[in-house]
Structures are given as C-alpha cells and as structure tokens.
2 protein chains.
Amino acid sequence: MPNTKTAILSTSPRVRISDVADALGVTKGTVSRALNDYPDISETTRRRVRRTAEAMGYRPLAQAQGIRTGRTRTLGLVLQTDIEGAQRPFLSDFLAGITGAASAEFWTLTVATSAGGGEMLSTLQRLVNERKSDGFILPRTLSEDERMKLLRELEVPFVLYGRVADPDRCAWFDILGEEAMRDAVLRLASHGHRRIGFVNGAAAYNFSQLRKEGFRAGMADAGLAVDETLMTGEAMSRNAGREATCRLLASADPPTAIVFAVDLAALGAYDAARSAGLAVGSDISVISYDGIPEGGWARPPLTTFSVDSRMAGERLARILIRRIRGEDPESLRETALAELQPGGSDGPPAMTSEEIAGRAAAAGMR
Amino acid sequence: MPNTKTAILSTSPRVRISDVADALGVTKGTVSRALNDYPDISETTRRRVRRTAEAMGYRPLAQAQGIRTGRTRTLGLVLQTDIEGAQRPFLSDFLAGITGAASAEFWTLTVATSAGGGEMLSTLQRLVNERKSDGFILPRTLSEDERMKLLRELEVPFVLYGRVADPDRCAWFDILGEEAMRDAVLRLASHGHRRIGFVNGAAAYNFSQLRKEGFRAGMADAGLAVDETLMTGEAMSRNAGREATCRLLASADPPTAIVFAVDLAALGAYDAARSAGLAVGSDISVISYDGIPEGGWARPPLTTFSVDSRMAGERLARILIRRIRGEDPESLRETALAELQPGGSDGPPAMTSEEIAGRAAAAGMR
DNA sequence: GGGCTTGCCGAAACCGGTTTCGTAATCAAT
DNA sequence: ATTGATTACGAAACCGGTTTCGGCAAGCCC
C-alpha cells in the first residue's frame with residue numbers, strides 16, 4: 001500500500017494537484033479527470049477526490065491549466081477611452097458587477113484600454129494571442145460593430161452589452177431603453193403635453209435606433225403625431241445637449257417637453273433653458289435616461305430612467321462565462337428594464353408652445 | 001545537418017519557442033537563455049536568436065513562463081467600491097494610464113473589486129495565490145494601510161498611489177497636494193482674504209494629513225494666523241461639503257474664503273452658499289483640489305488644482321513593473337504637482353466676515 | 001603536451017496541470 | 001470456462017516555456 005501520506009493542513013505554499021493525488025494514493029491524472037467530470041472515473045472515486053481536494057483547499061492554477069487547455073478563466077474588457085464622458089460615472093459600478101460575478105466562480109478580469117477603433121481591434125488581437133483573456137465583454141454596441149466581426153472570425157467568445165441587428169452567434173445583455181423612452185412619452189402625455197421633442201444619442205450606437213423607435217412607439221400609444229422637426233440626435237455630451245435644445249426651442253412651434261436618450265445631454269437642456277429664461281419642470285419638461293449621479297444634483301433633480309450598471313456587469317459576466325463554457329449563444333440573451341427615478345424636471349406644461357417660442361426669441365435664439 | 005527548417009511566415013497559430021529553436025538549429029533552452037540574458041550565451045548567438053525571434057514575431061506566452069517563474073507580466077489593481085464616489089470621475093483615465101504604460105512593455109492589468117476592507121485583503125490574497133497578479137497598485141493610501149502590511153508580509157511587490165509615514169520597502173507615486181493647498185492659500189491671500197477656512201477630507205487617508213499641513217504652511221507663508229475653529233474635515237462628498245460649509249458660515253466670525261481638499265466637497269459649498277444667499281466667487285471664495293469635470297460645469301466654474309490621473313496611472317504602472325523586476329524601492333519614489341485650473345469661484349472678497357455672518361444668520365444657519 | 005579552466009551549448013528535468021493510451025479487472029454473453 | 005466488451009485507473013506524453021546539469025572544445029598555464 002504505497003503513497004499513503006496524509007499531507008493535510010496545507011501551509012502557505014500552494015496545494016498542487018500532486019499533493020491531492022498523493023494524499024489519496026492515486027495519480028494526478030485521476031484527480032484531474034475526477035475534478036473535470038471525465039466519464040471514465042467511477043462515482044465513488046469522483047466523490048473521494050472532490051472531498052479531499054476541497055478539504056485540502058486545492059484550487060487548480062489557472063495559468064497551468066491554460067497552457068494545455070488554452071483557457072485561464074479570465075474575462076476581458078477593452079474600454080475605449082477617447083469617447084466623450086459616456087461610461088465614466090458607471091464604470092466603477094460596472095467593474096464591481098463584473099468582478100463580483102466573476103470571482104464567485106474563480107474567474108478574473110483583464111482590463112485594457114484603447115484610443116481609436118483600430119487600436120481597439122489590435123488590442124483584442126493581442127489579448128487573444130497572448131491568451132490573456134478567454135472571451136470579451138463588449139460595451140457600447142455599435143450598429144456595425146467591428147469588434148464583433150473580428151471576434152467572430154477568430155472564434156473567440158464574446159457577449160454584447162447591447163443588442164445588434166445581425167444576431168449570428170451573439171450572446172447579449174441589454175437594458176430595454178426603448179421601453180423607457182416609451183414610458184417617458186406616456187408620462188409626459190399624461191401630464192398633458194402634446195408637443196414632445198426627442199434628442200437622441202449618436203446614431204452609430206445601436207441603442208440610439210432602439211430608443212428612437214421607443215419614442216415613436218410611445219407617441220403612437222399616446223395618440224400623438226410625431227413632428228420630424230422635433231427629432232434630433234448625436235447628443236452625447238452636455239454641450240451637444242444644450243445646442244440640440246436650443247435648436248428645438250428656436251423652432252417655429254417649439255415643444256413643451258423633451259425626451260432625451262442620454263442624461264448628459266439632458267443636463268445641457270438645463271443650460272439652454274436657463275439662457276431662454278425657462279424653468280425646467282414647469283415651463284419646459286425633461287425626461288431622460290441613464291441615471292447618472294449628476295442628474296440628482298441638478299436643480300430640479302432630473303427625472304430619468306436609471307440603469308443598474310452593477311447588475312449589468314454581473315449578468316454580462318455570468319453570460320460570458322457560460323458562453324465560454326460552450327453554451328449556445330442563442331440561449332444566452334437577457335434583458336432588463338430601466339427604472340424610473342422621478343425628479344422634478346417634468347410636470348404639467350405651464351406654458352404654451354407659443355409662449356415658449358416668445359421666450360426663445362427674446363433670448364436671441366432665433 | 002539536422003533541423004534546418006526555415007518556418008518563416010508564421011500563420012495564425014502562435015510561434016512557439018521551439019519554432020524559433022528549429023529555425024536556428026539550436027535547442028529551445030538556448031533560445032530561452034538567449035532571450036533572458038543568461039551569461040552563458042555568446043554574444044553572437046544572442047544576437048542571432050534575438051533577430052530571428054523578432055523576425056518570426058515570437059512572443060513568449062506569459063502564462064507558460066509563469067508556471068516555472070511564478071510571474072506572468074500582470075499588474076493587479078483592487079478597487080474599493082463601497083467608498084463614496086471618490087475615484088469615479090478619474091477611473092477611466094486612471095485605467096487608461098495604467099494599461100497604456102503596461103501594454104507598452106507587454107504587461108496586462110487584472111482588476112478586482114472589494115466592498116469592505118476585510119474583503120479587500122482576502123481578494124489580494126486570492127490574486128496572489130492564484131498568481132493572477134505579480135504586484136499591485138494601491139490607490140488611496142491610508143495612514144495605517146493594511147493592504148500594505150499584508151503585501152509586505154507576503155513579500156509581494158506593490159506601489160502606492162500616495163505616500164506613507166513608514167516608507168519601509170515602499171515605492172510610490174504621489175501628487176504633491178500640500179503644495180496645491182499652499183498655493184491656494186497664497187492665491188486667496190493675494191486676493192486680499194485674511195480669514196480663510198479649510199475643509200479637509202477623511203483623516204484616514206494619508207493625503208488629508210499632508211493637505212492640512214500644506215494649508216498651514218500657506219497660512220504661515222502669507223503671514224496669516226490659523227483659526228482652529230475654521231478647520232474642519234471628513235468631507236468626502238457633496239453633502240458632507242455642504243454641511244461643513246454651513247458650519248463654517250454659522251461660526252461667530254466666518255471666513256471670506258474656504259480651501260477644500262476635495263472637489264466633491266467644494267461643490268457642496270455651492271449649495272450652502274445658495275442657501276445663505278451668498279454668491280460664490282465674490283461674496284465667498286472657494287478653491288479646491290482634484291479637477292473633476294463637474295467642477296467645470298458648476299456656476300461659476302470651480303477654481304481647482306487638477307490632477308492628471310492618466311499620467312498618474314502611467315507612472316504607477318512603470319514604477320510597479322520596475323519594482324517587480326527587482327529594483328530597489330527606495331529609488332522608485334516619484335511625485336508631481338497638481339495644476340491650477342482657474343475658474344470663477346475665487347476673487348477679491350466682496351463682503352466682510354460680519355456681513356457674511358449676517359447672511360448666514362438670516363438664512364437660519366445659526 | 002598534459003592537465004585545468006572557461007565559455008558555450010545540448011540534453012533533460014521541471015513547473016502544474018490535461019489528455020491519450022494501454023491494460024488489469026470486472027462483467028455479460030456464449 | 002472462454003471470449004468480448006466495458007469500466008476504471010495507472011503510466012506516460014504533452015502543453016510552452018525555464019533551469020539545471022554535464023560535457024565538448026578552445027584557451028591557458030606550466
């Protein structure tokens with residue numbers, strides 16, 4: 001009866017697979033197969049191995065497994081840093097969500113950044129090539145997303161934060177922004193608004209298409225006609241939001257309420273309203289989407305549909321892990337709703353469209 | 001003459017060390033030693049190996065190296081997510097700095113998060129144990145930093161973002177916040193202010209001690225006496241800043257200017273000033289520190305000393321890499337200055353201390 | 001010219017795992 | 001009882017590197 005050491009009570013040096021094997025009197029191959037659910041291991045042995053491994057605190061070294069399997073239980077996230085503010089406020093929560101869910105299954109997160117789109121692709125390549133990541137979370141899905149194309153080609157698993165028109169081999173998680181936009185319109189309509197404008201985000205993002213559709217759906221549900229002159233977009237920053245608002249206010253028959261696809265842009269509406277001498281929340285109503293903290297500090301606080309970034313990170317991580325483990329992407333598509341966070345930026349219209357036009361003209365917006 | 005393949009023109013599969021060795025007609029041991037500067041390789045061979053490896057696009061697989069060497073060219077960063085807003089605005093830039101500098105030397109970044117301090121320590125342990133990180137960047141240095149103690153004990157390299165009293169085996173990078181506080185006082189004094197208050201951050205952070213000293217140094221340089229009743233602290237959020245400001249305004253002989261250690265707190269001063277009917281920038285002057293974007297949107301824009309987080313990330317990454325490579329920590333200590341970003345929140349005093357006291361009393365602050 | 005270094009490299013062990021292959025033992029079928 | 005298939009595991013190769021060890025050849029000294 002050889003090999004009957006009982007090396008329990010592991011000190012600081014790592015417990016290796018051979019330690020577990022020795023303690024059980026089997027070979028490390030057996031331990032490995034038992035832990036990885038190979039079919040040629042008896043149920044009895046599997047249980048014995050499981051128990052002892054657990055008791056000894058054995059955790060396989062991901063990088064050692066990786067040299068044979070090619071996988072190291074690592075998620076990848078490449079952030080694009082040249083885009084306007086966008087992900088800033090959420091980033092911390094988003095990362096917390098991802099790493100929280102990942103570490104629960106003993107996975108980790110590798111983060112990289114890139115400036116331009118080209119650099120983005122080469123960064124993905126590099127991470128794949130150096131096996132620093134088994135798959136990727138792709139935030140900010142574009143309608144035509146080259147990251148997606150590349151990873152499909154390389155046959156590297158990924159999950160989108162956002163949806164996409166061509167769903168071939170795509171897993172995703174997304175917040176139903178279109179529902180929020182729809183609800184925003186209905187809420188404004190119930191306040192009594194009939195002329196409602198829409199300021200969208202950049203058209204390159206897939207979410208912009210969806211939110212626009214949601215706005216239209218809301219208008220239809222409310223029995224209101226969409227005035228195409230009150231639809232504008234490409235507003236991803238506070239400044240762009242201010243300019244877009246000024247354009248709407250300067251129109252012949254300005255809106256009494258505006259729905260924004262992006263909070264940052266909605267904050268610009270505050271600046272524009274101040275210039276025109278209009279009070280946000282009464283003279284002009286604003287509802288937006290994102291739930292950034294600055295919205296809560298604004299006066300009046302911004303009414304917005306807030307997104308739980310931490311939950312998004314968690315669910316994305318879990319989906320990606322299942323995807324990497326080989327599950328069918330078609331079955332890995334989840335969505336959630338944004339949550340209305342009522343502020344003081346919307347209410348019954350205190351002014352008519354004509355009166356607003358007058359104020360705007362007086363402020364020299366026309 | 002065996003082994004004379006010339007497997008140039010690598011296709012998609014990785015170039016392995018054995019490919020390089022075969023191409024040169026040497027063993028992989030020789031290639032490895034040549035690339036890692038072993039002394040027992042002739043200069044001629046070393047150059048030949050270098051050139052061929054480069055030409056073939058060979059990059060060693062970090063995880064494969066790691067199983068023998070224990071190191072995988074990976075930096076670690078553990079973010080604490082339960083603390084108020086603090087790092088939010090900078091995080092994206094900070095990460096961009098770290099990963100930019102890291103990837104330039106073919107290193108990567110592993111990010112983890114933790115809620116409490118205890119979880120923080122176990123997360124560090126886990127990353128070290130699973131060899132997911134060769135060393136750590138520790139942001140937000142505390143005066144008594146347990147992370148530091150743990151890593152010292154485990155003999156894992158780290159670099160502080162911030163300085164610390166006990167510099168034993170510590171490398172660091174820091175912004176000289178005390179200099180900024182000093183300059184802030186001098187600027188206010190040159191405006192003509194003589195009663196200047198100070199609102200510090202949380203005392204647990206080492207930077208708070210330093211910034212307080214900087215404030216005192218500035219007062220001394222300006223020939224002004226420090227009134228201890230005008231010194232307060234623990235203001236890390238907008239709300240806390242508002243409350244601290246109210247306390248100062250409610251004092252018998254309130255300040256005409258306040259220096260803040262943290263931008264977020266300074267924004268709270270805007271709220272307090274509004275409540276008291278005081279105009280920031282004239283009735284009451286404010287200068288702060290951090291350079292968060294919200295400061296620029298405030299009205300008037302916040303005068304602040306801004307920190308280049310991207311540069312901080314870059315330098316921290318470079319220092320940590322050198323530290324991991326074995327350089328002496330004593331030689332790895334760098335600092336930089338914050339840069340004054342003038343806004344409209346400071347200027348010559350438009351009111352006396354008595355007048356301010358009157359306004360505060362009228363607003364019911366007393 | 002013989003012994004002793006020294007420089008330089010090949011051979012092989014090693015790191016901590018996974019996976020293939022072969023085979024002893026068990027079981028079912030003839 | 002013999003055969004054939006199955007089960008369950010040991011032995012060993014393997015992944016892509018690093019590091020130790022040993023030995024050949026050239027250089028040095030006397």
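Throughout, protein chains are lettered first and strands after them, A, B, ... in sequence-line order, and every chain is numbered starting at 1. Predicted model, so just to flag it, every value in this text is computed and none were measured. Values below: all heavy atoms of this structure, side chains included; hydrogens, waters and symmetry mates excluded.
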Any T27(B) side-chain N or O less than 4.0 Å from OP1/OP2 of dA11(C):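 No, T27(B) has no side-chain N/O under 4.0 Å of OP1/OP2 on dA11(C).
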Along DNA chain C (nearest heavy atom to each residue), the more 5'-positioned of Y38(A) and R131(B):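 Looking at the nearest nucleotide for each, R131(B) comes out on the 5' side.
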What are the two closest heavy atoms between [X] and [Y], and how far apart are they?
X: V31(A); Y: I17(A); result: CG1-CG1, 3.6 Å
X: K132(B); Y: R73(A); result: NZ-O, 3.6 Å
X: L138(B); Y: M148(B); result: CD1-N, 4.1 Å

Any pair counted as ring pair (Phe, Tyr, Trp, His ring centres under 6.0 Å), so long as it reaches residues 144-171 of chain A, sequence neighbours left out: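 For residues 144-171 of chain A, and leaving out neighbouring residues, the ring pair (Phe, Tyr, Trp, His ring centres under 6.0 Å) pairs sorted by first residue read F94(A)-Y161(A).
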With sequence neighbours excluded, residues passing salt bridge (charged side-chain N to carboxylate O under 4.0 Å, His left out) with E119(B):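 Not a single residue meets the salt bridge (charged side-chain N to carboxylate O under 4.0 Å, His left out) criterion with E119(B).
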Contacts of E327(A) that satisfy salt bridge (charged side-chain N to carboxylate O under 4.0 Å, His left out) - sequence neighbours left out: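 For E327(A) the salt bridge (charged side-chain N to carboxylate O under 4.0 Å, His left out) partners, ignoring immediate neighbours, are R322(A).
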Side chain R14(B), main chain R59(B), donor-acceptor under 3.5 Å: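 Checking the backbone N and O of R59(B) against the side chain of R14(B), a donor-acceptor pair under 3.5 Å is found.
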Residue pair R71(B), D134(B): steps toward the salt bridge (charged side-chain N to carboxylate O under 4.0 Å, His left out) verdict: CA-CA 6 Å; R71(B) 297 211 246 101; D134(B) 302 339; 5.8 Å; no
Sugar-phosphate only, base, or nothing, as touched by S42(B) at under 4.0 Å among non-hydrogen atoms: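 S42(B): backbone/sugar contact only, no base atoms under 4.0 Å.
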Sugar-phosphate only, base, or nothing, as touched by T45(A) at under 4.0 Å among non-hydrogen atoms: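 T45(A): backbone/sugar contact only, no base atoms under 4.0 Å.
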Leading and trailing nucleotides of DNA chain D with any atom under 4.0 Å from heavy atoms of chain A: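 It runs dA8(D) to dG16(D).
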Close approaches to DNA chain C from residues 60-73 of chain A, in residue order (heavy atom, under 4.0 Å):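 P60(A), L61(A), A64(A), Q65(A), I67(A), R68(A), T69(A), in order of number.
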Donor-acceptor side-chain pairing of T74(B) and S133(B) below 3.5 angstrom: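 Not at all, the side chains of T74(B) and S133(B) share no donor-acceptor pair under 3.5 Å.
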Side-chain donor/acceptor of D40(B) to base of dC9(C), under 3.5 Å: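 In this structure, the two groups form a donor-acceptor pair.
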Rounded interatomic separation in angstrom, taking CZ from R48(B) and C1' from dC8(C):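 Atom CZ in R48(B) sits about 13 Å away from atom C1' in dC8(C).
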Spacing between L24(B) atom CG and dC8(C) atom P, to the nearest angstrom: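 These atoms are roughly 17 Å apart.
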Degree of bending in the helix from dG1(C)-dC30(D) to dT30(C)-dA1(D) once both end axes are built from five pairs, to 10°: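 End axes: 50° apart.
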Axial cation check for W172(B) ring with R163(B), 6.0 Å and 45° limits: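 That pair does not qualify as a cation-pi contact.
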Atom CD of E105(B): over 12 foreign heavy atoms under 6.0 Å: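 Above 12, so yes.
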